[in-house]
Amino acid sequence: MHFLKLLLLGLFTTVSFGYELKVNKIFEENLESDRMELHFSFIAKKKSAKETKALLHPAIATIKKHSQCKGGAYTLNPEYNYKSNERELLGFVARANFECSFKNIEEIEEIVTFFDKQKELELQQAPIKWVVDKESVNTAKMSLEFKAIRYAKEYAEILKKESVAQCSEKKVEIHTNSFIYRTSQTMFMSKNSIETPTKEPTLMSVNATYTFECQ
């Protein structure tokens, strides 16, 4: 009998105070890419550290003249050959890293021409890719968060209109998901083979989790 009283009390409490309803929804927006980025490195190898730096420094100075590119910090390390427990110094290797940002290929035409003229420097690069400006990203993120917040009231109204439940918003959790880049890429080896990557939208999304108190 005592157990039955506790069970009835529990049912009465649930009916009186209602229940929680959790809902999840994803909001998405396509962002238009507005510029291209290119990351590359120059690598110099010579017998001495002095010779290596003498080869690399002019290239760094040339690239830094262009406002579209930034970087130029470099590392310098000895290179060894190990044989029969002996270490032989082969020379020194230096690497300088750069990042260029531009809206069309013509803006970096001089840099491409400079690449083609290099005989002793080794060029390593990542594919060119379209990217979205940070200001556009922040604006889109704010817009999606506002949509997610408004949806809480809209969903409660839907439940009420369809006579499903009487609910009020208790908590909204919003998480910005990683971008999904849908950009075609191309290699950037020489002036004769350079092409502009195909521009396609970049998808941004936020994931919202809602907690409602319902009767």
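Any value given below was found using the heavy atoms of this structure, including those in side chains, with hydrogens, waters and symmetry copies removed.
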- Can Arg95 be said to sit on top of Tyr74's aromatic six-ring, NZ or CZ under 6.0 Å from centre and within 45° of the ring axis? no

Look only at the side chain of [X] and the backbone of [Y], and say whether a donor-acceptor pair between them is shorter than 3.5 Å.
X	Y	result
Thr62	Pro58	yes
Asn104	Glu107	yes
Glu99	Glu37	no
Lys103	Asp34	yes

Between [X] and [Y], what is the shortest heavy-atom contact and its length?
X	Y	result
Leu38	Ala126	CD1-O, 3.5 Å
Cys69	Ile111	SG-CD1, 3.3 Å
Cys214	Leu21	SG-CB, 3.8 Å
Phe92	Lys47	CD1-O, 3.5 Å
Ile60	Gly72	CD1-O, 3.6 Å

- Message: Check for me, please, whether Phe146 and Phe27 land in the same ILVMFWY cluster - side-chain distances under 4.5 Å, paths through other members count.
- Response: no

Show me the donor-acceptor pairs, under 3.5 Å and distance only, between side chains in residues 150-174 and residues at least two apart or in other chains.
from	atom 1	to	atom 2	distance (Å)
Lys170	NZ	Glu20	OE2	2.4

- Does a donor on one side chain and an acceptor on the other come within less than 3.5 Å for Glu51 and Ser48? yes

Does the side chain of [X] reach to within under 4.5 Å of the side chain of [Y], using non-hydrogen atoms?
X	Y	answer
Met204	Lys141	yes
Lys64	Phe98	yes
Ser205	Leu144	no
Thr202	Asn30	no
Phe40	Leu123	yes

- Indicate the ring-plane relationship of Tyr210 and Phe212, choosing parallel, tilted or perpendicular according to the 30° and 60° boundaries. parallel

- Message: With a sphere of 6.0 Å drawn around CD of Glu106, does it hold more than 12 non-hydrogen atoms of other residues, nucleotides or ligands?
- Response: yes

- Message: Does atom OH (Tyr80) have a neighbourhood of more than 12 heavy atoms from anything else shown, all under 6.0 Å?
- Response: yes

- Task: Evaluate the side-chain hydrogen bond (donor to acceptor under 3.5 Å, both in side chains) criterion for residues Gln118 and Glu120: first the C-alpha distance (whole Å), next the side-chain angles of each, then the deciding distance (0.1 Å), finally the verdict.
- Result: CA-CA 6 Å; Gln118 297 310 305; Glu120 294 186 273; over 6 Å; no

- Message: Taking side-chain contact (heavy atoms from CB on, under 4.5 Å) as the criterion, tell me which of Leu89, Thr52, Val93 meets it with Glu79.
- Response: Val93

